[in-house]
Visitor: 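Starting off with a structure, shown below.
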Amino acid sequence: MATRFQGPKGTRDFYPDAMAVRRYIEDAWRTVSTRFGFLEVDGPTFEPLELYKIKSGDEIVSQLFHFQDRADRALALRPEFTPSLARMVAEKAGSLPRPIKWFSIPRCYRAEQPQKGRLREFIQWNADVLGDATTAADVELVAVCVAALEELGLTAREVRVGWNHRELLTRGLCAGPFIAERMPVAYEILDKLHKLDAAGQNALFEARECTPGEVAVFDLLTASAKPGEQGRQAMEELLASWPDDVRSEIAQRQSEFANAGLGDYCAFDMTIVRGLAYYTGFVFEAFDVGGANRALAGGGRYDKLVELLGGPEIPATGFGMGDVVLELVLREKNLLPKNLLPQPDVFVVNILPDPLPAQRLLAHLRKTHWNADHTAVTGRGLHAVTSTRATKNVGKLLQEAAGSGARVAAIFLPDEYARGVVKIKNMADRSETEAPAAEAVAMLRQLIGALR
RNA sequence: GUGGAAUUAGCUCAGCUGGCUAGAGCACGGGGUUGUGGUCCUCGGGGUCGCGGGUUCGAGUCCCGUAUUCCACCCCA
């Protein structure tokens, strides 16, 4: 008896409808990346396990799908693309023109418990700028990130970008009750605060042995992330105690965002720290305003990573955006177009007993035409289909044509065909014309062109 | 890795406290007036009731295990 299988936990099957949605999202990422001057790259789906350990520590191993090959090499399916990218840059850094602006759309794998917005296999758009240490590179990344979201129909009403800067935050906090040694703890707490209630927060403060002064600052930080006047006041109060040059750099960066047309999206947010990863300065997160979902995208500056992988010292900044949360948000906001499947240019309907004339027309429509010396395309192949049904019921076949979304139907009918003509029907306005068989292809091409 | 809920046709679900040859709508397919649009009529394909055990004369229904999905924790690059 045959065994039936389910797909592995946390994976998806892309049937045509789902595949069309995936392509729609990937196309937006790709066109926007290109618009901003990023070049597409990719790397292997698996890498040495060590590559991820170096970057993230040994704890990462339990979150990876890893295995040994026959020569006993430890390998892991990539959980993200940045290590591969850094490795690729480290290998050829000397010969790459700078700044290096690359994007990629890799499938990635994480051996985690699946839940809303998080699967074991997903697709993550990455954009990175290497070799540009200026704030302009950070701004450009946020700009390309936002542009992609806009390309998909999202606006500042639905999504926002919160940004922070680890060094500035550290300097600000150390101007208050914190000492430098407490920063790792402070970052850890900051990263967790927003999802805890008051009791949970207090428990955490106690567990981390926070001083009353530190707790007071955490309370203000929590308040500062809230929208509206209350949040603004908490932010003001905190900033008042921070060094002048830190304050002015924050203001400077925010004005750069505004200058790039991102003023409605971006807000300084002291509570964004992005885990305890390899980020060295600027960090940001894009999220939907409703806030029920996980972050849509996140990234920041990682100036030491390429060096860590044996490459030259090269400043780097980048971000990733996963397809899972993005699709959830687009669905929630009703922003996925209805007809993402390709729609035929021509649907050929045949009522003749002889199938050959219809098949001949199909073949001609699909063929790309070249000029006499084969140097230029004079007519690209069209998307042309027909029915495989046996019925000669014109109504049924036109119904099928309509269902396919075809722009035009070419109809072979006995009486007309005897007179040497084919009927051509514009499916949108239901108008019909007749075409001499010899001119049918040309007329159809013209009609399709006019409708495009 | 831990905890909670769920799993019946491709999809959305009925199936009361165990008594069926397991149903509906949608979707899919054939046909319907020798010739024009998502309608209508009609017929049809498709289900090891997630999987494996157990209790019982009898299990879609009760019990145990397991897989998957969703939710939450851990983690989040």
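Each chain gets a letter, A, B and so on, in the order its sequence line appears, and its residues count up from 1.
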Visitor: Assign A:G10 to base, sugar-phosphate, or nothing according to its heavy-atom contacts below 4.0 angstrom with the strands shown.
Guide: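 Sugar-phosphate contact only.
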
Visitor: Taking atom C1' of B:rG31 as reference, at what distance in whole Å does atom CD of A:E400 sit?
Guide: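 Nearest whole value for this atom pair: 15 Å.
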
Visitor: Distance check, P atoms only: B:rG1 and B:rA27, in whole angstrom units.
Guide: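 That atom pair is separated by 41 Å.
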
Visitor: Taking the basic N atoms (NZ, or NE/NH1/NH2) and the acidic carboxylate oxygens, is any pair closer than 4.0 Å for A:D323 and A:R107?
Guide: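 No, A:D323 and A:R107 are not salt-bridged.
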
Visitor: Give the rounded distance in Å between these two atoms: CD of A:Q399 and P of B:rA27.
Guide: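 The answer, rounded to whole Å, is 11 Å.
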
Visitor: By nearest atom, which of the nucleotides B:rC71, B:rA77, B:rU36 is closest to the A:Q63 side chain?
Guide: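 Side chain of A:Q63 sits closest to B:rA77.
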
Visitor: For the C1' atoms, the ones on B:rC16 and on B:rC11, what distance do you get once it is rounded to whole angstrom?
Guide: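 Straight-line distance between the two C1' atoms is 26 Å.
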
Visitor: Considering only the P atoms, how many Å lie between B:rA9 and B:rC51, rounded to the nearest integer?
Guide: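 B:rA9 and B:rC51 have their P atoms separated by 10 Å.
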
Visitor: Between B:rG47 and B:rC13, how far apart are the C1' atoms? Round to whole Å, please.
Guide: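 Each nucleotide's C1' atom is 14 Å from the other's.
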
Visitor: May I ask you to say what A:I60 touches in the nucleic acid, namely base, sugar-phosphate or nothing, with a heavy-atom cut-off under 4.0 Å?
Guide: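 Base contact.
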
Visitor: Suppose we define a pair by two distances each less than 3.5 Å, Watson-Crick or G-U wobble; what does B:rC40 pair with here?
Guide: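 Across any shown strand, B:rC40 pairs with B:rG32.
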
Visitor: Which listed nucleotide (B:rU36, B:rC76, B:rG38) is nearest to the side chain of A:K425?
Guide: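 Closest nucleotide among those given: B:rU36.
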
Visitor: Assess whether a salt bridge exists between A:E158 and A:K333, defined as any Lys/Arg side-chain N lying under 4.0 Å from an Asp/Glu carboxylate O.
Guide: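 No, A:E158 and A:K333 are not salt-bridged.
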
Visitor: Considering only the P atoms, how many Å lie between B:rU2 and B:rG60, rounded to the nearest integer?
Guide: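 About 31 Å, rounded to a whole number of Å.
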
Visitor: For A:E112 and B:rC76, what is the distance between atoms CD and C1' respectively, to the nearest whole Å?
Guide: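 It is 6 Å, rounded to the nearest whole Å.
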
Visitor: Using only heavy-atom distances, decide whether a donor-acceptor pair under 3.5 angstrom links the side-chain of A:K396 to the base of B:rG31.
Guide: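 Check passes, donor-acceptor contact within cut-off.
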
Visitor: Could you pick out which residue, A:V394 or A:Y52, lies toward the 5' side of RNA chain B when each is mapped onto its nearest nucleotide?
Guide: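 Mapping each residue to its closest nucleotide by heavy atoms, the 5'-most match is A:V394.
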
Visitor: Mind checking who B:rC76 pairs with, Watson-Crick or G-U wobble, both distances under 3.5 Å?
Guide: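 WC or wobble partner does not exist here.
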
Visitor: Looking at B:rU69, does its base get a donor-acceptor pair with the side chain of A:K9 below 3.5 Å?
Guide: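 No, no donor-acceptor pair under 3.5 Å.
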
Visitor: Given atom CH2 of A:W125 and atom C1' of B:rA77, what is their separation to the nearest angstrom?
Guide: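 It works out to 18 Å between those atoms.
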
Visitor: Quick one: on RNA chain B, does A:P79 or A:P8 contact a more 5' nucleotide (nearest heavy atom)?
Guide: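 Result: A:P8.
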
Visitor: Mark yes or no for a side-chain to base donor-acceptor pair under 3.5 Å between A:N393 and B:rU33, with no hydrogen or angle criteria applied.
Guide: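 In this structure, the two groups form a donor-acceptor pair.
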
Visitor: Between A:E26 and A:R23, is the closest basic N to carboxylate O distance under 4.0 Å?
Guide: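 Salt bridge between A:R23 and A:E26, a charged N being under 4.0 Å from a carboxylate O: yes.
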
Visitor: Less than 3.5 Å between a donor and an acceptor, one on the side chain of A:R274 and one on the base of B:rC76, is that the case here?
Guide: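 Side chain to base: no pair below 3.5 Å.
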
Visitor: Should A:R110 and A:E121 count as an ion pair when the cut-off is N to O under 4.0 Å?
Guide: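 Not counted as a salt bridge, because no side-chain N and carboxylate O are separated by less than 4.0 Å.
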
Visitor: In Watson-Crick or G-U wobble terms, both distances under 3.5 Å, what is the partner of B:rA24?
Guide: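 Here B:rA24 is engaged in a pair, and the nucleotide opposite it is B:rU12.
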
Visitor: Any base atoms under 4.0 Å from A:E59, or only sugar-phosphate, or nothing? Heavy atoms, all strands.
Guide: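 A:E59: no heavy atom of the nucleic acid under 4.0 Å.
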
Visitor: My understanding is that a pair needs two contacts under 3.5 Å, Watson-Crick or G-U wobble. By that rule, which nucleotide pairs with B:rG3?
Guide: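 B:rC71 - that is the nucleotide pairing with B:rG3, both distances being under 3.5 Å.
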
Visitor: With both distances under 3.5 angstrom, what nucleotide forms a Watson-Crick or G-U wobble pair with B:rC57?
Guide: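 With both distances under 3.5 Å, B:rC57 matches B:rG19.
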
Visitor: Counting only side-chain heavy atoms from C-beta out, which of B:rU36, B:rA72, B:rG38 sits nearest to A:Q115?
Guide: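 Closest of the options to the side chain of A:Q115: B:rA72.
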
Visitor: Between atom CG in A:D415 and atom C1' in B:rU36, what is the gap in whole Å?
Guide: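 Spelled out: CG on A:D415 to C1' on B:rU36 is 14 Å.
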
Visitor: Run the salt-bridge test on A:E188 and A:R208 with the 4.0 Å N-O cut-off and return the result as yes or no.
Guide: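 A:R208 and A:E188: salt-bridged.
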
Visitor: Without decimals, in angstroms, what is the distance between A:L413 CG and B:rU34 C1'?
Guide: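 Result: 12 Å.
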
Visitor: Kindly state whether the ring of A:Y302 and the ring of A:Y278 have centres lying under 6.0 angstrom apart.
Guide: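 Ring centroids of A:Y302 and A:Y278 are less than 6.0 Å from each other.
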
Visitor: Quick check for you: among B:rG38, B:rA77, B:rG35, whose closest atom lies nearest to any side-chain atom of A:L64?
Guide: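 The answer is B:rA77, which lies nearest to the side chain.
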
Visitor: Tell me whether the OP1 or OP2 atom of B:rG30 has a side-chain N or O from A:R389 closer than 4.0 Å.
Guide: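 For B:rG30, OP1 or OP2 has a side-chain N or O of A:R389 closer than 4.0 Å.
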
Visitor: Any base atoms under 4.0 Å from A:Q113, or only sugar-phosphate, or nothing? Heavy atoms, all strands.
Guide: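 A:Q113: base contact, heavy atoms under 4.0 Å.
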
Visitor: Atom CG of A:L85 and atom P of B:rA77: how far apart are they, to the nearest Å?
Guide: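 After rounding, the gap between these two atoms is 17 Å.
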
Visitor: Is a donor-acceptor contact shorter than 3.5 angstrom present between the side chain of A:E416 and the base of B:rG35?
Guide: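 Yes.
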
Visitor: Roughly how many Å apart are B:rA5 and B:rC43, using the C1' atom of each and rounding to a whole number?
Guide: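 About 41 Å, rounded to a whole number of Å.
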
Visitor: Does the distance from a Lys or Arg side-chain N to an Asp or Glu carboxylate O, for A:D42 and A:R78, drop under 4.0 Å?
Guide: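 Yes.
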
Visitor: With P as the reference atom in both, quote the distance from B:rU61 to B:rU56 in angstrom, rounded to an integer.
Guide: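 Looking at atom P only, B:rU61 and B:rU56 are 16 Å apart.
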
Visitor: Looking at B:rC70, B:rC75, B:rA77, which one has an atom nearest to any side-chain atom of A:Y279?
Guide: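 Selected nucleotide: B:rA77.
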
Visitor: Under a 3.5 Å limit for both distances, which nucleotide forms a Watson-Crick or G-U wobble pair with B:rG50, could you say?
Guide: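 Across any shown strand, B:rG50 pairs with B:rU66.
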
Visitor: Can you tell whether the side chains of A:D138 and A:R301 come within less than 4.0 Å, N to carboxylate O?
Guide: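 A salt bridge links A:D138 with A:R301.
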
Visitor: Round to the nearest Å and state the distance from A:L398 atom CG to B:rG37 atom C1'.
Guide: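 In whole Å, B:rG37 C1' and A:L398 CG are 6 Å from each other.
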
Visitor: What nucleic acid atoms does A:G403 come within less than 4.0 Å of, heavy atoms only: base, sugar-phosphate, or nothing?
Guide: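 The answer is base, as A:G403 lies within the cut-off (heavy atoms under 4.0 Å) of a base atom.
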
Visitor: Determine the Euclidean distance between corresponding P atoms of B:rG10 and B:rG53; express it in Å to zero decimal places.
Guide: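 These two P atoms come out 23 Å apart once rounded.
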
